[in-house]
Each structure stands twice: as structure tokens, then as C-alpha cells.
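Everything below concerns the one structure shown next.
Both backbone and side-chain heavy atoms feed into the values below; hydrogens, waters and symmetry mates do not. Ligands are counted one by one from 1 in listed order, and the atoms in each one are counted from 1 as well. Index from 1, following the sequence.
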Amino acid sequence: MINIVIAGPRGNMGKEAVRMVEKEENFQLKAVVDRKYQGFLMKDVDGMEPLNVPVYENMEICFQEVTCDVLIDLTSPEVGKKHMLIAFNHGVRPVVGTTGFTDQDIEELSKIAEEKKLGAIIAPNFAIGAILLMKFSQMAAKYMKDVEIIEQHHDRKLDAPSGTAVKTAQMISEVREPKTQGHPEESEQLKGARGADYQGMRIHSVRLPGLVAHQEVLFGGEGQSLKLRHDSFNRTSFMPGVKLACETVMKLNVLVYGLDQVIE
Ligand SMILES: NC(=O)C1=CN([C@@H]2O[C@H](COP(=O)(O)OP(=O)(O)OC[C@H]3O[C@@H](n4cnc5c(N)ncnc54)[C@H](OP(=O)(O)O)[C@@H]3O)[C@@H](O)[C@H]2O)C=CC1
Ligand SMILES: O=C(O)C1=N[C@H](C(=O)O)C[C@H](O)C1
């Protein structure tokens with residue numbers, strides 16, 4: 001049995017995670033951490049079913065009072081990092097879907113995980129299709145070094161570019177011959193027209209109501225192009241990955257960044 005605490009239970013992802021954990025036979029939801037509703041039970045708020053577990057405002061107090069193996073964090077990067085540090089101090093293994101961590105954050109958190117010999121997973125995307133998209137993009141980039149990433153999300157998203165787009169660019173840059181793309185003398189008539197620059201690759205972020213999470217990776221070559229695309233149409237698409245991460249983190253004693261490291 002894996003004892004689980006979820007931070008951000010009223011959010012789009014948090015709600016699905018609560019449902020998934022409550023359904024899984026080997027998982028036990030012990031508590032949730034929420035900044036708005038405290039008390040013993042969380043009633044029917046923000047369209048979620050009433051919860052039969054304690055609701056804490058403070059992660060520190062939660063871990064003092066509740067037995068927990070795994071923290072699932074689905075909040076925001078500043079909060080997610082704080083929660084991870086508290087979890088490490090209590091010997092709890094974090095599974096973090098929250099995006100927007102810097103390279104420095106990940107490095108710092110990895111060091112702590114290593115010192116404490118505690119497993120942790122930060123996964124910018126839990127959907128298997130998105131992980132495959134990243135892996136296929138890395139394969140393609142060996143042969144086609146001109147690449148632009150277009151990510152599309154709902155207009156409630158706080159961070160840009162998405163964590164998935166950043167991770168995709170990082171994975172591509174591990175194999176891609178360095179190249180600054182486009183015309184050497186190109187200039188933007190409107191600032192931002194060419195998107196963000198990641199080692200010469202371009203990343204474009206689209207935000208529109210009605211979208212969930214979508215990404216295209218476009219490769220160009222002489223007289224040809226290759227387009228890879230993944231769509232998440234709802235948040236249940238992420239849940240098998242969250243489940244896998246909770247099971248896997250129990251066997252780890254270091255921090256793993258990306259489910260691509262877990263799925264062979
Ligand atoms: N890895 C993956 O596969 C995926 C990752 N994500 C990422 O997960 C994160 C959450 O996304 P999403 O669910 O759409 O966002 P939401 O805004 O819907 O949910 C975030 C939740 O976190 C809560 N929160 C914020 N601060 C705190 C705090 N201090 N303590 C407790 N709860 C807090 C918010 O509360 P309040 O309502 O009061 O603001 C809100 O309920 C984002 O970083 C997103 O990029 C999203 C989808 C998939
Ligand atoms: O905020 C979201 O919705 C999503 N965030 C993650 C990201 O930033 O990549 C994962 C997925 O794209 C949905």
C-alpha cells in the first residue's frame with residue numbers, strides 16, 4: 001500500500017489525481033493540501049466530490065500528522081519547490097507534475113534527493129503519447145537539425161513555454177548539431193514573431209480557450225518536412241503516468257527528471 005498526499009486537489013490536474021488515487025487498490029489517499037479550504041473534510045467545492053480525508057493548509061503540519069510515502073504536487077513552481085523541500089525533510093518521495101522549474105531548481109533538488117537517498121520524479125508531462133513524441137523528436141533531430149516546436153494550451157496556463165516544450169528542446173539539444181535557424185539576417189518586425197530561442201531552435205506558445213494540451217514538432221529539410229504531433233484532449237490522459245510515477249518513485253533513491261527516463 002502506498003500512502004499518498006496530494007497538493008492542489010481543486011485544480012484541473014489535482015481533481016483527476018484524487019479520483020485516480022481513490023480508485024487504485026494499492027494507493028491510499030491520506031490527506032490533501034489546499035490553500036483555500038481547511039478543516040477535516042473538503043465539501044463539494046469547484047465541482048469536486050466531497051473528500052473524506054483531512055485537508056491541510058500547511059504541508060509541514062500535514063507531514064507531522066499524517067503517514068505518507070508519496071507527495072503528488074500539482075500546483076505552481078514556487079509552491080511545488082517548497083513542497084518538495086518539506087517532503088524531503090520528512091522522508092516523503094515527491095512526484096511532481098508542476099511545470100516551470102528552472103535548470104537550477106532541478107539541479108538543487110537533485111542534490112538534496114541524492115544526499116537524502118530519496119526517490120523523486122519531476123515529470124513535465126505524464127501522458128505516454130507526449131513522452132513518445134519527445135523520444136521520436138530526439139530520434140528525428142539526429143538527422144534533421146532544423147526544428148520548431150509549437151505548443152498549444154488552454155488560456156488558464158501560467159507558464160510559457162510549456163514544461164513539455166522545454167523538455168522536448170532539451171532532449172533534442174542532446175543529439176542535435178548546434179545550429180541557429182532561419183536567415184542569418186532575419187529581423188522581427190513585431191517582437192516575439194519568431195518565438196523563443198532555445199539553442200537556435202524556436203518555440204512558439206499558443207494560448208486559447210477550448211484547448212487542453214497539444215504539441216507539434218516540425219522538422220524541415222531540403223524539399224521535405226516531418227511533423228510530429230501529440231494531443232491531450234482531457235486530463236485523464238495524464239493519469240496512467242501519474243500512477244506509474246507513484247509506483248516507480250518508491251524504488252528510486254535519486255531524482256528523475258522526465259518520464260522518458262522511466263519508460264523504456
Ligand atoms: N506533468 C503533467 O503531465 C501536467 C502538468 N501540469 C502542470 O500542473 C500544474 C497544475 O496545472 P492545473 O491543474 O492545470 O492548474 P490549476 O490552476 O487548475 O490548479 C493548480 C492548483 O494548485 C493550487 N495551489 C496554488 N498554490 C497552492 C498552495 N500554496 N497550496 C496548495 N495549493 C495551491 C491552486 O489553488 P487556487 O485555486 O487557490 O489557485 C489550484 O487549485 C501546472 O504547473 C501545469 O503546468 C498540467 C497538466 C499535466
Ligand atoms: O498546464 C497544462 O495544462 C499542462 N502543462 C504541462 C506542460 O507545461 O507541459 C503538461 C501538459 O502540456 C499540460
Side-chain angles (χ1 to χ4, degrees), residues 5-20 31-38 42 45-48 51 55-62 71-87 94-102 105 121-131 133-134 149-171 203 205-217 229-246 256-260 262-263:
V5 166
I6 297 178
R10 271 181 303 111
N12 293 319
M13 279 292 281
K15 267 186 220 145
E16 284 301 333
V18 166
R19 280 192 204 114
M20 182 278 289
V32 296
V33 176
D34 187 271
R35 62 174 168 188
K36 199 159 155 196
Y37 295 93
Q38 286 87 49
M42 188 183 271
V45 290
D46 293 1
M48 62 185 294
L51 274 183
V55 182
Y56 288 90
E57 179 182 14
N58 187 307
M59 180 72 70
E60 181 70 48
I61 296 173
C62 173
L71 162 70
I72 301 178
D73 187 273
L74 298 159
T75 58
S76 70
E78 316 80 60
V79 179
K81 187 177 174 189
K82 252 197 302 188
H83 284 172
M84 283 185 82
L85 294 173
I86 299 170
V95 165
V96 178
T98 305
T99 51
F101 287 97
T102 62
D105 289 333
I121 296 180
I122 298 178
N125 201 311
F126 287 113
I128 177 75
I131 297 153
L133 170 67
M134 291 183 229
I149 299 172
I150 306 170
E151 55 96 338
Q152 305 182 358
H153 282 83
H154 56 93
D155 63 350
R156 304 288 86 202
K157 185 160 179 61
L158 295 174
D159 53 320
S162 69
T164 309
V166 173
K167 178 74 169 144
T168 307
Q170 288 168 341
M171 285 173 66
I203 306 179
S205 297
V206 177
R207 297 291 176 264
L208 285 172
L211 295 175
V212 178
H214 318 264
Q215 180 169 288
E216 279 181 9
V217 185
R229 181 177 173 107
H230 174 260
D231 297 276
S232 270
F233 299 113
N234 56 43
R235 273 93 186 178
T236 53
S237 62
F238 302 111
M239 292 307 125
V242 179
K243 174 177 181 275
L244 175 69
C246 290
V256 166
Y257 170 49
L259 274 199
D260 55 290
V262 172
I263 292 164

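The closest approach between Lys157 and ligand 1 falls below 4.0 Å for a heavy atom of the residue.
For Leu211 against His154, the heavy-atom pair with the smallest separation is O-CB, 3.1 Å. Across Ile86 and Glu60, no two heavy atoms sit closer than the pair CG2-OE1, 3.6 Å. For Phe126 against Ala245, the heavy-atom pair with the smallest separation is CE2-CB, 3.9 Å.
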* To do: Show your working on side-chain contact (heavy atoms from CB on, under 4.5 Å) between Met239 and Val242 and close with a plain yes or no.
  => CA-CA 5 Å; Met239 292 307 125; Val242 179; 4.1 Å; yes

* To do: Report the C-alpha distance between Val33 and Thr75 in whole Å, list the side-chain angles of each, state the deciding distance to 0.1 Å, and finish with yes or no for side-chain contact (heavy atoms from CB on, under 4.5 Å).
  => CA-CA 10 Å; Val33 176; Thr75 58; over 6 Å; no

* To do: Step by step, work out the side-chain contact (heavy atoms from CB on, under 4.5 Å) result for Phe238 and Met13.
  => CA-CA 8 Å; Phe238 302 111; Met13 279 292 281; 3.4 Å; yes

* Can you check side-chain contact (heavy atoms from CB on, under 4.5 Å) on Glu16 and Leu74, steps first, answer last? -> CA-CA 11 Å; Glu16 284 301 333; Leu74 298 159; over 6 Å; no

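For a threshold of 3.5 Å applied to N or O pairs, the pair formed by Pro124 and ligand 1 contains at least one separation below that value. At a 3.5 angstrom cut-off on N or O pairs, Ala7 does not count as close to ligand 1. Looking at Ser76 next to ligand 1, no N or O pair under 3.5 Å apart turns up. Looking at ligand 1, you'll find an N or O of Arg10 within less than 3.5 Å of one of its N or O atoms. The distance criterion of under 3.5 Å between nitrogen or oxygen atoms is not met by Gly14 with respect to ligand 1. Distances between N or O atoms of Thr99 and those of ligand 1 include at least one value under 3.5 Å.
With a 4.0 Å cut-off on non-hydrogen atoms, Glu57 does not touch ligand 1 at all. With a heavy-atom cut-off of 4.0 Å, Thr98 touches ligand 1 through backbone and side chain alike. Neither the backbone nor the side chain of Pro9 comes within 4.0 Å of ligand 1, counting heavy atoms alone. Using a 4.0 Å cut-off between heavy atoms, Phe238 contacts ligand 1 through its side chain alone, with no backbone atom that close.
Each of the atoms 1 (N) of ligand 1 lies under 4.0 Å from some heavy atom of Ala123. Ligand-side atoms of ligand 1 in range of Met13: 4 (C), 13 (O), 46 (C), 47 (C), 48 (C), range being under 4.0 angstrom from any heavy atom. Counting atoms of ligand 1 from 1 in the listed order, those under 4.0 Å from a heavy atom of Asn125 are 1 (N), 2 (C), 3 (O). Here is the list of ligand 1 atoms found below 4.0 Å of a heavy atom in Phe126: 1 (N), 2 (C), 3 (O).
Tested against Tyr56 for a side chain to side chain contact (heavy atoms under 4.5 Å, CB included), the candidates Val32, Asp34, Ile61 yield a single pass: Ile61.
By the side chain to side chain contact (heavy atoms under 4.5 Å, CB included) test, Pro161 pairs with Glu151, Ala165, Val166, Ile203, Ser205, sequence neighbours left out. Partners of Thr99 under the side chain to side chain contact (heavy atoms under 4.5 Å, CB included) rule, at least two apart in sequence or in another chain, are Pro124, Lys157, Asp159. Scanning for salt bridge (Lys or Arg N to Asp or Glu O under 4.0 Å) contacts around Arg229 gives Glu216, Asp231, with sequence neighbours left out.
Rounding to the nearest 0.5 angstrom, the gap separating the CE atom in Met134 from the NZ atom in Lys167 is 7.5 Å. One distance of note links CZ of Arg207 with CG of Leu158; it measures 9.5 Å at 0.5 Å rounding.
With hydrogens and angles ignored, the 3.5 Å screen pairs no side-chain donor or acceptor of Lys82 with any backbone N or O of Met59.
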Write 'none' if nothing qualifies; otherwise put on separate lines each N/O atom of ligand 2 with a protein N/O atom under 3.5 Å away and their distance to 0.1 Å.
from     : atom 1 : to     : atom 2 : distance (Å)
ligand 2 : 1 (O)  : Lys157 : NZ     : 2.9
ligand 2 : 3 (O)  : His154 : NE2    : 2.8
ligand 2 : 5 (N)  : Lys157 : NZ     : 3.1
ligand 2 : 8 (O)  : Thr99  : OG1    : 3.3
ligand 2 : 8 (O)  : Lys157 : NZ     : 2.7
ligand 2 : 8 (O)  : Gly163 : N      : 2.8
ligand 2 : 9 (O)  : Gly163 : N      : 3.3
ligand 2 : 9 (O)  : Thr164 : N      : 2.8
ligand 2 : 9 (O)  : Thr164 : OG1    : 2.4
ligand 2 : 12 (O) : His153 : NE2    : 2.6

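For atom 24 (N) of ligand 1, the nearest non-hydrogen atom from the set Leu259, Asn12, Val33, Thr75 belongs to Thr75.
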